[in-house]
J.: 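Pasting a structure here, questions to come.
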2 protein chains.
Amino acid sequence: MLSKTCEYGIRATIFIALQSMLGMRTSLKYIAEEIDSPEAFTAKILQKLVRVKIIESSKGMNGGFNMSMDRIKSTTLSEIVYAIDGLDISNRCVLGLSQCSSINPCSVHHKFKPVREDLIALLTKTTVEEMAIGIKEKLAILR
Amino acid sequence: MLSKTCEYGIRATIFIALQSMLGMRTSLKYIAEEIDSPEAFTAKILQKLVRVKIIESSKGMNGGFNMSMDRIKSTTLSEIVYAIDGLDISNRCVLGLSQCSSINPCSVHHKFKPVREDLIALLTKTTVEEMAIGIKEKLAILR
DNA sequence: TTATATTCGGACTCATATGTCCTATTTTTC
DNA sequence: GAAAAATAGGACATATGAGTCCGAATATAA
């Protein structure tokens, strides 16, 4: 469904949001520990999320990653997924046909359409804030 | 969503079913041409589908692949997907957490559950026959 | 200003998915 | 029985995803 890179990216973002909600900046090392991900690899993913401005970073002592309350509220799961995995999850034909479309459908196109629409709705409507709150209230896990 | 291997496998199965419905056995070469897939790679995939008895093969002149009417009617998309890609599509946590479950959910587990259930329902309810008929009646494409 | 703690970014390694090639085996036809 | 046409299967090759390493840049604190 999602690449591992994307899974790590989402988990890291949720954790950064959580810490930011407590007014804290978080170091890569701590993030990797808390979400149980390889540190150096996570660094690469966070770089990408910084470039698309989903999260912010600062170098040097007491540096680390953080997220503005604005971003926490406005950023959706879809933005993270698209930034890391691209648009395939929304666009790619289930059978891999490049020409597949509503007027030129593959054998499962119409059946699959509502499922895909629900998936896209889920991605575009779920905010980072929502996901972070689940963790904060200990209703959900992050590792 | 699905691996390319799986996409080729499904398309090949649909085409073999179509030909079988016309009483014909189909060669690898023809299959690969018709579904626009790499021939040698498709051979590997078909081997796997033969082993799990979704399709049948026969060697020698006039050999090739075919599918019994029984199989065409009873085989579902899920069987092909599970045979090639395994159970990840039904089981893997969206955020990649090995411990994620209903009682120990990740941040999107509950939201994602109905979408996943719809997806699984689609896979387990769509038969090869259905998919083949779409092609036969020229309501759907295969390449 | 120097030591230290941090991110940045390029080059590299490793694993897995994707794809190819060649020979063996089987079956049919002549 | 020999030739031809097909699948089977192992070994190999290539591309992509996943992950590591290390030096450079930057910021803070003593």
J.: Could you state the atom-to-atom distance from CZ of B:Arg25 to P of C:dT27 in whole Å?
T.: 11 Å

J.: Base, sugar-phosphate, or nothing: which does A:Tyr8 touch, judged by heavy atoms less than 4.0 Å apart?
T.: sugar-phosphate

J.: Rounded to the nearest angstrom, tell me the gap between atom NZ in B:Lys29 and atom P in D:dT7.
T.: 11 Å

J.: Between A:Lys111 and B:Glu130, is a salt bridge (charged side-chain N to carboxylate O under 4.0 Å, His left out) present by the stated rule, with each step listed?
T.: CA-CA 11 Å; A:Lys111 275 202 160 190; B:Glu130 256 183 281; 3.0 Å; yes

J.: Tell me which one of B:Leu46, B:Leu2, B:Ile45 satisfies side chain to side chain contact (heavy atoms under 4.5 Å, CB included) with B:Tyr8.
T.: B:Ile45

J.: Counting side-chain heavy atoms from CB outward, which of D:dT7, C:dG19, C:dC21 is closest to B:Ala40?
T.: C:dC21

J.: When the distance from CD1 of A:Ile45 to C1' of C:dG9 is rounded to whole Å, what number comes out?
T.: 15 Å

J.: When you measure from the side chain of A:Gln47, which nucleotide among C:dG9, D:dA8, C:dG19 comes out closest?
T.: C:dG9

J.: Test for a donor-acceptor pair under 3.5 Å between the base of C:dG19 and the side chain of B:Lys44, counting only N and O atoms.
T.: no

J.: Could you say whether A:Pro38 or B:Gly64 is positioned toward the 5' end of DNA chain D, judged by the nucleotide with the nearest heavy atom to each?
T.: B:Gly64

J.: Starting from P on C:dA24, measure out to NZ on B:Lys59 and report it in whole angstrom.
T.: 13 Å

J.: Give the rounded distance in Å between these two atoms: CD of A:Glu33 and P of C:dT6.
T.: 11 Å

